[in-house]
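Have a look at the structure below before the remarks.
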Amino acid sequence: MKRMAGKMVLVTVLVVSYFVIWRPVRVASTQHIVKPLSEYILSGEQRGIDLENSGSGVSFSIRWESGEQRHAVTYRAPAGFFFLLAIVSMVFITAEPAYYLYLLAFHLAAFSVMVLFLVVGLHSVVMGFWILELMNVYLIPVFTMAYIPWLIYLKKSGIVK
């Protein structure tokens with residue numbers, strides 16, 4: 001019973017920390033690193049690409065024209081809701097700090113790769129925007145949510161305590 005109470009306290013601390021500490025870090029990385037970088041790249045010449053803020057601060061939209069069609073993708077800082085869900089789930093699966101760090105490292109690496117493909121897209125290579133959207137919508141959430149069953153498997157196999 002004490003063990004479960006301890007885990008519930010840890011979950012509460014993690015959720016509060018996410019909203020008080022981590023979310024502002026995500027907003028700052030978007031508003032003070034990624035968006036200014038994007039604006040700087042676009043300031044050099046006219047490419048027909050527009051940036052639009054979102055209300056949340058952790059994302060912004062990129063809109064461009066190709067022929068007669070308008071396209072849009074959204075840059076959204078990784079380590080969002082699915083990250084929080086995975087971290088909370090991990091409290092009940094394993095106490096090994098290394099597995100928390102692996103998940104965080106994945107999201108930090110994903111941030112770097114997403115910025116790379118955003119820059120590629122801003123240089124008028126549309127494939128960069130497509131890969132950015134693929135990562136945002138599918139790859140990062142799927143990997144993050146698949147991480148939990150993988151940890152459960154490792155725990156049942158005796159690899160993780």
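The model shown is predicted, which means the values in this text are computed figures rather than measured ones.
Two residues are said to be in side-chain contact when any heavy atoms from C-beta on lie closer than 4.5 Å; His71 and Glu65 fail this criterion. The shortest side-chain heavy-atom distance between Phe60 and Glu52 does not fall under the 4.5 Å cut-off. Using a 4.5 Å heavy-atom threshold, the side chains of Ile140 and Phe82 count as separate. Looking at heavy atoms from C-beta onward, Asn53 lies in side-chain contact with Lys35 at the 4.5 angstrom threshold. Using a 4.5 Å heavy-atom cutoff, the side chains of Tyr99 and Leu154 are in contact. In this structure, Tyr100 and Val91 have side chains that are in contact, with non-hydrogen atoms separated by less than 4.5 Å.
The local environment of CZ in Arg3 is sparse, with at most 12 non-hydrogen atoms from other residues, nucleotides or ligands closer than 6.0 Å. Counting heavy-atom neighbours within 6.0 Å of Tyr153 OH, excluding the residue itself, gives a total of 12 or less.
Hydrophobic clustering of Ile, Leu, Val, Met, Phe, Trp and Tyr side chains at less than 4.5 Å, counting indirect connections, unites Leu37 with Ile62.
Between Phe129 and Trp64, the distance from one ring center to the other falls under 6.0 angstrom. With ring centers used as reference points, Trp150 lies under 6.0 Å from Tyr147.
Between the side chains of Ser54 and Ser59, at least one donor N or O lies within less than 3.5 Å of an accepting N or O.
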N/O donor-acceptor pairs under 3.5 Å from side chains in residues 9-21, not counting sequence neighbours:
residue	atom	partner	partner atom	Å
Thr12	OG1	Met8	O	2.9
Ser17	OG	Val13	O	2.7
Tyr18	OH	Arg26	NH1	3.1

Would you mind writing out the side-chain donor-acceptor pairs for residues 103-116 within the sub-3.5 Å range, not counting sequence neighbours?
residue	atom	partner	partner atom	Å
His107	ND1	Ala79	N	3.0
His107	NE2	Thr144	OG1	2.9
Ser112	OG	Leu108	O	3.3

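Considering every non-hydrogen atom in both Ser38 and Leu118, the closest pair reads OG-CD2, 3.3 Å.
Rounding to the nearest 0.5 Å gives a distance of 7.5 Å between CG of Asn136 and OG1 of Thr74. Atoms CE and OH, on Met135 and Tyr75 in that order, are 9.5 Å from each other to the nearest 0.5 Å. Between Ile93 atom CD1 and Ile148 atom CD1 the span is 4.5 Å, to the nearest 0.5 Å.
Scanning for side-chain contact (heavy atoms from CB on, under 4.5 Å) contacts around Leu85 gives Phe81, Met145, with sequence neighbours left out.
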